[in-house]
Amino acid sequence: MRVLIKGAGVAGLTAAHELVARGAEVTVAEHSRGLAGAASWYAGGMLAPWCERESAEQVVLTYGIGAADWWEAALPADSVHRNGTLVVAQPRDSAELKRFASRTSGFRWLGAEEIAALEPALAGRFRQALFFAEEAHLDPRKALSTLRQGLVARGVVFRASEIDEGGFALTVDCTGAARIGEVEGLRGVRGEMIYLQTHEVTLSRPVRLLHPRIPLYTVPRGGGLFMCGATMIESDDGGPITARSLMEFLNTAYALHPAFAEARLVETGAGVRPAFADNLPRVSRRENTISVNGLYRHGFLLSPATARQAAALAFDEQSGRGHVR
Ligand SMILES: Cc1cc2nc3c(=O)[nH]c(=O)nc-3n(C[C@H](O)[C@H](O)[C@H](O)COP(=O)(O)OP(=O)(O)OC[C@H]3O[C@@H](n4cnc5c(N)ncnc54)[C@H](O)[C@@H]3O)c2cc1C
């Protein structure tokens with residue numbers, strides 16, 4: 001079966017992977033050069049279903065639990081770091097930590113000594129933490145580029161220009177926020193982020209610093225590089241980061257570790273997360289078009305599940321009926 005996938009973000013590439021695995025002949029059309037306009041480019045790459053349950057539905061945990069295995073099977077060894085998430089708060093914000101604990105599962109409480117043992121850079125900085133040992137993270141940019149290379153090696157053709165859909169049995173629309181205004185109920189949730197670089201701080205895993213107004217997470221990328229994010233703003237504006245968000249990120253990074261004050265600010269950016277009202281993705285089929293959209297803040301976490309559903313719908317398998325809902 002010849003399939004055209006529109007969009008080479010995480011939804012499109014994971015769908016391509018699943019379709020090729022089932023024997024489809026896949027072409028991917030991506031209208032921008034590189035992925036610098038895609039939400040996927042700005043993601044933290046956290047595969048954190050237990051932490052996300054703090055604000056997400058149970059299905060995000062149910063479908064997200066298998067994500068790390070999927071990515072591990074799809075990418076070369078050592079691409080997926082399975083060493084957990086640490087959630088901390090300043091002593092004055094300890095109520096935030098308790099609230100987070102009351103809404104989640106799959107963690108254990110750590111005291112100051114255990115925090116220092118896990119992340120020596122944070123020794124003496126926090127009295128208590130939650131440790132979600134089963135969570136994982138990856139570098140989204142490396143993951144997407146490796147996935148794409150693997151697809152090319154398996155015969156997938158990538159096109160930058162508009163393609164006539166006529167020659168394809170099926171189109172899979174994975175164009176994300178570009179469909180706002182066309183797909184009913186689809187909205188944008190702006191996420192700003194920054195990259196800091198310093199060799200004065202070493203972290204091994206994502207660290208979430210809770211705060212009543214400005215929570216921040218930082219995800220180590222290796223080589224002294226840290227992705228820090230992310231705002232959640234009801235807007236489909238993908239323009240540059242605002243001065244306010246930048247100031248808040250820098251202040252919060254400083255609160256996590258003062259050495260971030262001397263870090264180099266190597267990148268700022270913003271992506272638009274595509275989302276439906278319930279913040280859950282939708283996979284649906286109408287005639288010869290399958291649509292995968294609404295991955296919200298869970299593109300890397302939930303796209304293995306949406307990709308499987310899209311492939312099952314393409315081949316009319318029973319398991320493809322319904323959504324991640
Ligand atoms: C700051 C930030 C942090 C995040 N952190 C995480 C995280 O830690 N973990 C996690 O799981 N998720 C995270 N997310 C969410 C995740 O990034 C999104 O859910 C995901 O990227 C959505 O993927 P997508 O493929 O649907 O959309 P996109 O990544 O936006 O891809 C859509 C693609 O379609 C292309 N396109 C548009 N129109 C057309 C057309 N007509 N023809 C061809 N191509 C077209 C676009 O150019 C784009 O490349 C984060 C998001 C942001 C913004």
Side-chain angles (χ1 to χ4, degrees), residues 4-16 27-49 51-52 56 60 63-64 67-68 70-71 85 135-141 143-144 147-148 158-163 165 171-180 182-183 186 188-195 206 208 216-219 227-233 235-238 241 245 249 267-276 279-283 291-307 310 324:
L4 173 65
I5 296 181
K6 287 183 172 179
V10 72
L13 294 189
T14 52
T27 297
V28 179
E30 165 55 58
H31 75 174
S32 76
R33 264 214 207 142
L35 276 179
S40 303
W41 189 247
Y42 300 101
M46 293 178 293
L47 306 174
C51 278
E52 287 301 304
V60 172
Y63 283 92
W70 190 95
W71 285 105
T85 305
E135 295 194 335
H137 68 283
L138 50 71
D139 180 334
R141 297 178 180 182
L144 292 178
L147 206 54
R148 180 175 171 140
F158 282 79
R159 288 275 151 75
S161 52
E162 284 294 325
I163 292 185
E165 294 176 33
T171 298
V172 185
D173 186 328
C174 299
T175 53
R179 300 298 310 278
I180 292 172
E182 296 167 30
V183 172
L186 189 69
V189 181
R190 172 177 162 89
E192 297 157 303
M193 48 67 73
I194 61 174
Y195 270 93
R208 296 184 181 217
L216 171 108
Y217 60 76
T218 180
V219 189
M227 183 274 189
C228 304
T231 53
M232 295 279 294
I233 300 168
S235 165
D236 57 10
D237 173 7
I241 191 169
S245 297
F249 280 154
E267 184 183 330
T268 65
V272 179
R273 308 174 183 92
F276 290 104
N279 294 330
L280 296 175
R282 304 240 195 296
V283 183
S291 167
V292 182
N293 213 326
L295 279 155
Y296 183 51
R297 51 184 278 161
H298 304 130
F300 286 80
L301 183 63
L302 294 183
S303 60
T306 57
V324 179

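As the structure lists them, so they are numbered: ligands from 1, and atoms in each ligand from 1.
Note on ligand 1: G37 sits outside its first shell, no heavy atom being nearer than 4.0 Å. Contact annotation: G229 has no heavy atom less than 4.0 Å from any atom of ligand 1. Look at A177 and you'll find every heavy atom at least 4.0 Å from all atoms of ligand 1.
At a 4.0 Å heavy-atom cut-off, ligand 1 touches M46 through backbone and side chain alike. Here A39 has heavy atoms under 4.0 Å from ligand 1 in both its backbone and its side chain. At a 4.0 Å heavy-atom cut-off, ligand 1 touches A11 through backbone and side chain alike. Within the 4.0 Å heavy-atom criterion, neither part of W41 lies near ligand 1. When non-hydrogen atoms are compared, ligand 1 lies under 4.0 Å from the backbone of H31 as well as from its side chain. Only the backbone of C174 comes within contact range of ligand 1, with a heavy atom under 4.0 Å; no side-chain atom does.
When hydrogens are left out, the protein atom nearest atom 2 (C) of ligand 1 is Y42 O, 3.6 Å; that is the closest non-hydrogen contact. The single protein non-hydrogen atom nearest to atom 10 (C) of ligand 1 is R297 O, 3.4 Å, given as residue, atom name and distance.
Applying the ring-ring contact (aromatic ring centres under 6.0 Å, His included) rule to W70 yields the partners H17; only residues at least two apart in sequence or on another chain are considered. Looking at residues two or more places apart in sequence or on another chain, you find a ring-ring contact (aromatic ring centres under 6.0 Å, His included) between F300 and W71.
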Where do M193 and I241 land on the side-chain contact (heavy atoms from CB on, under 4.5 Å) test, with the steps shown first?
CA-CA 8 Å; M193 48 67 73; I241 191 169; over 6 Å; no
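Between the side chains of S235 and D237, not a single donor N or O lies within less than 3.5 Å of an accepting N or O.
The ligand atoms of ligand 1 that sit less than 4.0 angstrom from a heavy atom of G271 are 53 (C).
The backbone N or O of W41 lies less than 3.5 Å from a partner atom in the side chain of R141, making a donor-acceptor pair.
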